[in-house]
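Below is one structure, written out as C-alpha coordinates; comments come after it.
Scope of the values below: all heavy atoms of this structure, side chains included, with no hydrogens, waters or symmetry mates.
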Amino acid sequence: ASASPAPAGAAATGGYLYWSNTFGALEKPGDGVISRARLDGTDVNQKFITGATLAGMVLVFGGYLYWTNFAPLRKGAGTIGRARLDGTDVNQKFITGASLPVGLTAADGYIYWANNLTGTIGRARLDGTDVNQKFITGASLPVGLTAADGYIYWANNLTGTIGRARLDGTDVNQKFIKTAQAEGPDAVVAGSGHLYWANDFSIGRARLNGTDVNQRFIAVPNGPSGVAGLAVNCRYIYWTNEDGNEIGRANLNGTGVNQKFITGADFPDAIAAGSQYVYWANAFGKTIGRARLNGTDVNQRFIANKDFINL
(Lines give C-alpha, C1' and ligand atoms only; values in the text may rest on other atoms or scores of the structure.)
Protein backbone atom coordinates (compact mmCIF):
# COMPACT_ATOMS: atom_id res chain seq x y z
CA ALA A 1 0.00 0.00 0.00
CA SER A 2 1.18 3.51 -0.65
CA ALA A 3 0.02 6.98 -0.37
CA SER A 4 1.65 10.28 -0.79
CA PRO A 5 0.88 13.98 -1.09
CA ALA A 6 0.18 15.38 -4.52
CA PRO A 7 3.73 16.60 -5.30
CA ALA A 8 5.35 13.34 -4.14
CA GLY A 9 3.29 10.33 -5.14
CA ALA A 10 1.37 11.99 -7.93
CA ALA A 11 2.90 13.68 -10.93
CA ALA A 12 0.02 15.05 -12.96
CA THR A 13 1.14 18.55 -13.81
CA GLY A 14 2.11 20.85 -16.64
CA GLY A 15 -0.06 18.98 -19.10
CA TYR A 16 1.60 15.61 -18.46
CA LEU A 17 1.27 12.51 -16.30
CA TYR A 18 4.47 10.85 -15.05
CA TRP A 19 4.80 7.40 -13.50
CA SER A 20 7.44 4.80 -12.65
CA ASN A 21 7.65 1.21 -13.87
CA THR A 22 9.25 -0.83 -11.12
CA PHE A 23 8.96 -4.57 -11.75
CA GLY A 24 11.97 -6.18 -13.39
CA ALA A 25 14.46 -3.73 -11.90
CA LEU A 26 15.72 -6.18 -9.25
CA GLU A 27 16.54 -8.79 -11.86
CA LYS A 28 18.11 -6.21 -14.16
CA PRO A 29 19.56 -3.25 -12.26
CA GLY A 30 19.21 -0.10 -14.33
CA ASP A 31 16.27 -1.51 -16.28
CA GLY A 32 13.63 0.61 -14.52
CA VAL A 33 12.00 3.50 -16.33
CA ILE A 34 10.01 6.69 -15.79
CA SER A 35 7.10 6.98 -18.22
CA ARG A 36 5.18 10.00 -19.46
CA ALA A 37 2.01 10.83 -21.38
CA ARG A 38 -0.12 13.89 -21.99
CA LEU A 39 -3.04 14.25 -19.63
CA ASP A 40 -5.38 13.37 -22.48
CA GLY A 41 -3.60 10.00 -22.88
CA THR A 42 -1.71 10.82 -26.07
CA ASP A 43 2.05 10.87 -26.66
CA VAL A 44 2.60 7.88 -24.37
CA ASN A 45 6.29 7.21 -23.83
CA GLN A 46 6.90 4.13 -21.69
CA LYS A 47 10.65 4.78 -21.73
CA PHE A 48 10.68 8.52 -21.23
CA ILE A 49 13.64 8.13 -18.84
CA THR A 50 15.68 4.93 -18.66
CA GLY A 51 18.40 3.61 -16.37
CA ALA A 52 16.46 3.69 -13.10
CA THR A 53 16.80 0.88 -10.56
CA LEU A 54 13.52 -0.09 -8.89
CA ALA A 55 12.21 3.45 -9.37
CA GLY A 56 9.60 4.43 -6.83
CA MET A 57 8.11 7.77 -5.89
CA VAL A 58 7.98 10.56 -8.46
CA LEU A 59 8.07 14.28 -7.69
CA VAL A 60 7.64 17.25 -10.04
CA PHE A 61 8.94 20.49 -8.58
CA GLY A 62 10.60 23.65 -9.85
CA GLY A 63 10.87 22.57 -13.47
CA TYR A 64 12.46 19.20 -12.69
CA LEU A 65 11.39 15.61 -12.24
CA TYR A 66 12.80 13.72 -9.25
CA TRP A 67 12.43 10.02 -8.42
CA THR A 68 13.71 7.48 -5.90
CA ASN A 69 15.88 4.52 -6.92
CA PHE A 70 15.28 1.89 -4.23
CA ALA A 71 17.81 -0.73 -5.26
CA PRO A 72 20.29 -2.07 -4.37
CA LEU A 73 18.43 -2.83 -1.14
CA ARG A 74 21.23 -2.05 1.30
CA LYS A 75 22.22 0.90 3.42
CA GLY A 76 23.70 3.79 1.49
CA ALA A 77 23.11 2.25 -1.94
CA GLY A 78 19.91 4.08 -2.92
CA THR A 79 19.83 7.24 -4.99
CA ILE A 80 17.58 10.13 -6.00
CA GLY A 81 17.37 10.71 -9.74
CA ARG A 82 16.63 13.99 -11.51
CA ALA A 83 15.89 15.20 -15.03
CA ARG A 84 14.36 18.20 -16.73
CA LEU A 85 10.65 17.88 -17.49
CA ASP A 86 11.45 17.38 -21.18
CA GLY A 87 13.51 14.29 -20.27
CA THR A 88 16.95 15.84 -20.77
CA ASP A 89 19.84 16.16 -18.32
CA VAL A 90 19.07 12.77 -16.74
CA ASN A 91 21.10 11.99 -13.65
CA GLN A 92 20.27 8.70 -11.95
CA LYS A 93 22.71 9.52 -9.15
CA PHE A 94 21.74 13.10 -8.54
CA ILE A 95 21.82 12.34 -4.81
CA THR A 96 23.68 9.28 -3.51
CA GLY A 97 23.97 7.56 -0.14
CA ALA A 98 20.26 7.00 0.48
CA SER A 99 18.99 3.83 2.17
CA LEU A 100 15.82 2.51 0.52
CA PRO A 101 14.38 5.98 -0.17
CA VAL A 102 10.61 5.59 -0.23
CA GLY A 103 9.20 9.09 -0.12
CA LEU A 104 9.85 12.50 -1.68
CA THR A 105 8.67 16.02 -1.08
CA ALA A 106 10.06 19.51 -1.59
CA ALA A 107 9.68 22.92 0.03
CA ASP A 108 11.58 26.20 0.43
CA GLY A 109 14.50 25.31 -1.82
CA TYR A 110 15.08 21.79 -0.50
CA ILE A 111 14.16 18.23 -1.36
CA TYR A 112 13.42 15.72 1.40
CA TRP A 113 13.27 11.90 1.34
CA ALA A 114 12.66 9.05 3.79
CA ASN A 115 15.48 6.56 4.33
CA ASN A 116 13.49 3.49 5.27
CA LEU A 117 16.41 1.24 6.18
CA THR A 118 18.16 3.69 8.50
CA GLY A 119 15.14 5.44 10.04
CA THR A 120 16.17 8.89 8.91
CA ILE A 121 14.89 11.76 6.81
CA GLY A 122 17.37 13.09 4.28
CA ARG A 123 17.59 16.61 2.86
CA ALA A 124 19.49 18.42 0.12
CA ARG A 125 19.21 21.64 -1.81
CA LEU A 126 17.27 21.41 -5.06
CA ASP A 127 20.56 21.64 -6.96
CA GLY A 128 21.81 18.50 -5.18
CA THR A 129 24.25 20.20 -2.82
CA ASP A 130 24.36 20.14 1.00
CA VAL A 131 23.22 16.52 1.14
CA ASN A 132 22.43 15.32 4.66
CA GLN A 133 21.25 11.70 4.89
CA LYS A 134 20.67 12.10 8.65
CA PHE A 135 18.86 15.41 8.60
CA ILE A 136 16.28 13.93 10.98
CA THR A 137 16.99 10.77 12.97
CA GLY A 138 14.95 8.47 15.19
CA ALA A 139 12.21 7.55 12.71
CA SER A 140 10.85 3.99 12.56
CA LEU A 141 10.63 2.65 9.01
CA PRO A 142 9.60 6.04 7.58
CA VAL A 143 7.63 5.49 4.38
CA GLY A 144 6.01 8.74 3.34
CA LEU A 145 6.55 12.47 3.39
CA THR A 146 4.59 15.66 2.97
CA ALA A 147 5.36 19.31 3.64
CA ALA A 148 2.88 22.00 4.68
CA ASP A 149 2.92 25.35 6.49
CA GLY A 150 6.60 25.32 7.39
CA TYR A 151 6.73 21.72 8.59
CA ILE A 152 7.60 18.31 7.22
CA TYR A 153 5.52 15.26 8.19
CA TRP A 154 6.28 11.56 7.76
CA ALA A 155 4.70 8.21 8.58
CA ASN A 156 6.52 5.89 10.99
CA ASN A 157 5.41 2.52 9.68
CA LEU A 158 6.88 0.50 12.55
CA THR A 159 5.37 2.46 15.45
CA GLY A 160 2.06 3.57 13.93
CA THR A 161 2.81 7.25 14.38
CA ILE A 162 3.16 10.39 12.30
CA GLY A 163 6.30 12.43 12.91
CA ARG A 164 6.75 16.17 12.44
CA ALA A 165 9.59 18.69 12.37
CA ARG A 166 10.20 22.19 11.14
CA LEU A 167 11.66 22.43 7.63
CA ASP A 168 15.00 23.39 9.18
CA GLY A 169 15.05 20.10 11.13
CA THR A 170 14.23 21.51 14.57
CA ASP A 171 11.33 20.66 16.90
CA VAL A 172 11.37 16.98 15.91
CA ASN A 173 8.47 14.95 17.30
CA GLN A 174 8.42 11.30 16.24
CA LYS A 175 5.07 10.75 17.97
CA PHE A 176 3.30 13.88 16.80
CA ILE A 177 0.14 11.86 16.06
CA LYS A 178 -0.55 8.30 17.14
CA THR A 179 -2.64 6.55 14.50
CA ALA A 180 -5.04 3.63 14.85
CA GLN A 181 -2.81 1.32 12.83
CA ALA A 182 -0.20 -0.53 14.86
CA GLU A 183 2.07 -1.08 11.86
CA GLY A 184 1.48 1.95 9.70
CA PRO A 185 0.32 4.22 8.26
CA ASP A 186 2.06 3.80 4.94
CA ALA A 187 2.07 7.53 4.28
CA VAL A 188 0.47 10.84 5.13
CA VAL A 189 -1.01 13.52 2.87
CA ALA A 190 -1.83 17.16 3.55
CA GLY A 191 -4.56 19.39 2.22
CA SER A 192 -6.72 22.35 3.28
CA GLY A 193 -5.11 22.69 6.68
CA HIS A 194 -5.34 19.02 7.62
CA LEU A 195 -3.39 15.76 7.57
CA TYR A 196 -4.96 12.55 6.29
CA TRP A 197 -3.72 8.98 6.71
CA ALA A 198 -4.95 5.43 6.14
CA ASN A 199 -5.75 3.21 9.11
CA ASP A 200 -6.70 -0.47 8.68
CA PHE A 201 -10.43 0.18 8.45
CA SER A 202 -10.62 3.94 8.18
CA ILE A 203 -9.05 7.19 7.02
CA GLY A 204 -7.82 9.40 9.84
CA ARG A 205 -7.62 13.18 9.93
CA ALA A 206 -6.15 15.87 12.16
CA ARG A 207 -5.31 19.55 11.95
CA LEU A 208 -1.76 20.39 10.86
CA ASN A 209 -1.00 21.39 14.47
CA GLY A 210 -1.92 17.88 15.65
CA THR A 211 -5.27 18.73 17.26
CA ASP A 212 -8.75 17.40 16.48
CA VAL A 213 -7.46 13.89 15.76
CA ASN A 214 -10.20 11.69 14.31
CA GLN A 215 -9.08 8.10 13.66
CA ARG A 216 -12.39 7.22 11.98
CA PHE A 217 -12.87 10.33 9.93
CA ILE A 218 -13.98 8.13 7.03
CA ALA A 219 -14.83 4.45 7.56
CA VAL A 220 -13.60 2.06 4.87
CA PRO A 221 -15.26 -1.36 4.62
CA ASN A 222 -12.41 -3.44 3.22
CA GLY A 223 -9.62 -3.75 5.77
CA PRO A 224 -6.95 -4.21 6.74
CA SER A 225 -5.46 -3.86 3.25
CA GLY A 226 -8.27 -1.82 1.76
CA VAL A 227 -7.00 1.75 1.52
CA ALA A 228 -3.80 1.88 -0.50
CA GLY A 229 -3.58 5.40 -1.92
CA LEU A 230 -4.81 8.82 -0.89
CA ALA A 231 -5.06 12.05 -2.86
CA VAL A 232 -6.55 15.42 -2.00
CA ASN A 233 -7.43 18.54 -3.95
CA CYS A 234 -9.14 21.76 -2.90
CA ARG A 235 -12.56 20.07 -2.48
CA TYR A 236 -12.29 16.31 -2.16
CA ILE A 237 -10.31 13.40 -0.81
CA TYR A 238 -9.98 10.30 -3.00
CA TRP A 239 -8.78 6.85 -2.00
CA THR A 240 -8.12 3.50 -3.63
CA ASN A 241 -9.71 0.36 -2.19
CA GLU A 242 -7.56 -2.57 -3.27
CA ASP A 243 -9.83 -5.32 -1.94
CA GLY A 244 -13.01 -3.72 -3.26
CA ASN A 245 -11.46 -2.69 -6.61
CA GLU A 246 -13.00 0.73 -6.14
CA ILE A 247 -12.11 4.41 -5.88
CA GLY A 248 -13.79 6.26 -3.03
CA ARG A 249 -14.45 9.97 -2.67
CA ALA A 250 -15.65 12.34 0.06
CA ASN A 251 -15.76 16.04 0.77
CA LEU A 252 -12.76 17.30 2.72
CA ASN A 253 -15.00 17.76 5.76
CA GLY A 254 -15.86 14.05 5.70
CA THR A 255 -19.38 14.35 4.29
CA GLY A 256 -20.66 12.95 1.02
CA VAL A 257 -18.77 9.67 1.41
CA ASN A 258 -19.06 7.44 -1.66
CA GLN A 259 -17.17 4.17 -1.29
CA LYS A 260 -18.05 3.17 -4.85
CA PHE A 261 -17.37 6.48 -6.55
CA ILE A 262 -15.55 4.56 -9.31
CA THR A 263 -15.89 0.80 -9.71
CA GLY A 264 -14.29 -1.82 -11.94
CA ALA A 265 -10.67 -1.18 -11.02
CA ASP A 266 -8.14 -4.01 -10.79
CA PHE A 267 -6.36 -3.85 -7.41
CA PRO A 268 -5.98 -0.04 -7.54
CA ASP A 269 -2.96 1.25 -5.70
CA ALA A 270 -1.46 4.72 -6.28
CA ILE A 271 -3.78 7.64 -7.08
CA ALA A 272 -3.31 11.21 -8.28
CA ALA A 273 -5.79 14.06 -8.56
CA GLY A 274 -5.18 16.66 -11.25
CA SER A 275 -7.09 19.83 -12.08
CA GLN A 276 -9.76 18.03 -14.13
CA TYR A 277 -9.18 14.29 -13.77
CA VAL A 278 -8.28 11.66 -11.23
CA TYR A 279 -5.80 8.93 -12.21
CA TRP A 280 -5.06 5.61 -10.53
CA ALA A 281 -2.80 2.60 -11.03
CA ASN A 282 -4.46 -0.77 -11.66
CA ALA A 283 -1.64 -2.92 -10.29
CA PHE A 284 -3.00 -6.30 -11.43
CA GLY A 285 -4.34 -5.02 -14.74
CA LYS A 286 -1.12 -3.09 -15.43
CA THR A 287 -3.03 -0.05 -16.62
CA ILE A 288 -3.61 3.52 -15.58
CA GLY A 289 -7.25 4.43 -15.12
CA ARG A 290 -8.75 7.89 -15.52
CA ALA A 291 -12.04 9.63 -14.79
CA ARG A 292 -13.29 13.16 -14.43
CA LEU A 293 -13.22 14.55 -10.91
CA ASN A 294 -17.00 14.10 -10.78
CA GLY A 295 -16.63 10.37 -11.52
CA THR A 296 -17.80 10.39 -15.15
CA ASP A 297 -15.94 9.24 -18.29
CA VAL A 298 -14.32 6.33 -16.46
CA ASN A 299 -11.64 4.54 -18.47
CA GLN A 300 -9.91 1.67 -16.67
CA ARG A 301 -7.46 1.22 -19.57
CA PHE A 302 -6.68 4.86 -20.21
CA ILE A 303 -3.00 3.92 -20.56
CA ALA A 304 -1.82 0.32 -20.91
CA ASN A 305 1.38 -0.46 -19.07
CA LYS A 306 3.74 -3.43 -18.98
CA ASP A 307 4.95 -3.21 -15.39
CA PHE A 308 3.95 -2.07 -11.94
CA ILE A 309 2.94 1.58 -11.82
CA ASN A 310 3.76 4.15 -9.16
CA LEU A 311 2.05 7.46 -9.87
In Å, rounded to the nearest 0.5 Å, how long is the span from [atom1] of [X] to [atom2] of [Y]?
X	Y	atom1	atom2	value
Asp171	Arg166	CG	CZ	4.5 Å
Ser275	Asn233	OG	CG	9.5 Å
Leu126	Asp108	CG	CG	9.5 Å
Thr13	Leu59	OG1	CG	10.5 Å
Asp212	His194	CG	NE2	6.5 Å
Gln276	Asn294	CD	CG	11.0 Å

So which heavy atom on [X] is nearest to which on [Y], and how close?
X	Y	result
Gly76	Ser99	N-OG, 2.8 Å
Val227	Ala198	CG1-CB, 3.5 Å
Pro142	Gly119	CD-CA, 3.7 Å
Ala231	Ala273	CB-N, 4.1 Å
Val232	Ala190	CG2-O, 3.3 Å
Val33	Ala52	N-CB, 4.3 Å

(message) Can you confirm whether the side chains of Trp197 and Asn199 place a donor and an acceptor under 3.5 Å from each other?
(response)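 Checked: Trp197/Asn199 side chains pair up, N/O donor to acceptor below 3.5 Å.
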Between Asp266 and Gln300, a side-chain donor and acceptor under 3.5 Å:
no
- Query: Do the ring planes of Phe176 and Tyr153 sit parallel (below 30°), tilted (30 to 60°) or perpendicular (above 60°)?
  - Reply: tilted
Exercise for review: With side chain to side chain contact (heavy atoms under 4.5 Å, CB included) as the test, would you mind laying out the steps for Val220 and Ser202 before giving the verdict?
Suggested key: CA-CA 5 Å; Val220 178; Ser202 64; 5.5 Å; no
Report yes if some heavy atom in the side chain of [X] is under 4.5 Å from a heavy atom in the side chain of [Y]; otherwise report no.
X	Y	answer
Ile237	Tyr196	yes
Leu65	Ile34	yes
Ile80	Leu104	yes
Trp280	Asp269	no
Ile218	Gln259	yes
Ile177	Thr161	no
Asn241	Pro268	no
Ile152	Thr146	no

Donor-acceptor under 3.5 Å ([X] side chain, [Y] main chain):
X	Y	result
Arg205	Leu252	yes
Tyr18	Phe48	no
Thr240	Glu242	no
Asn91	Lys93	yes
Tyr236	Leu293	no
Arg123	Gly169	no
Asn69	Gln92	yes
Asn156	Leu158	no
Thr68	Met57	yes
Ser20	Gly56	yes

For this session: Might you work through the side chain to side chain contact (heavy atoms under 4.5 Å, CB included) test for Tyr279 and Ile271, ending with a clear yes or no?
Result: CA-CA 6 Å; Tyr279 305 83; Ile271 188 168; over 6 Å; no
Practice prompt. Please report the C-alpha distance between Thr79 and Ile95 in whole Å, then the side-chain angles of each, then the deciding distance to 0.1 Å, and finally whether the side chain to side chain contact (heavy atoms under 4.5 Å, CB included) criterion is met.
Written response: CA-CA 5 Å; Thr79 66; Ile95 295 172; over 6 Å; no
* Asked: Any link between Leu141 and Trp113 through a network of hydrophobic side chains (Ile, Leu, Val, Met, Phe, Trp, Tyr) touching at under 4.5 Å?
  ->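 The answer is no; the residues belong to distinct hydrophobic clusters.
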- Task: Show the numbers, then the answer: is there a side chain to side chain contact (heavy atoms under 4.5 Å, CB included) between Thr287 and Phe302?
- Result: CA-CA 7 Å; Thr287 65; Phe302 179 64; over 6 Å; no
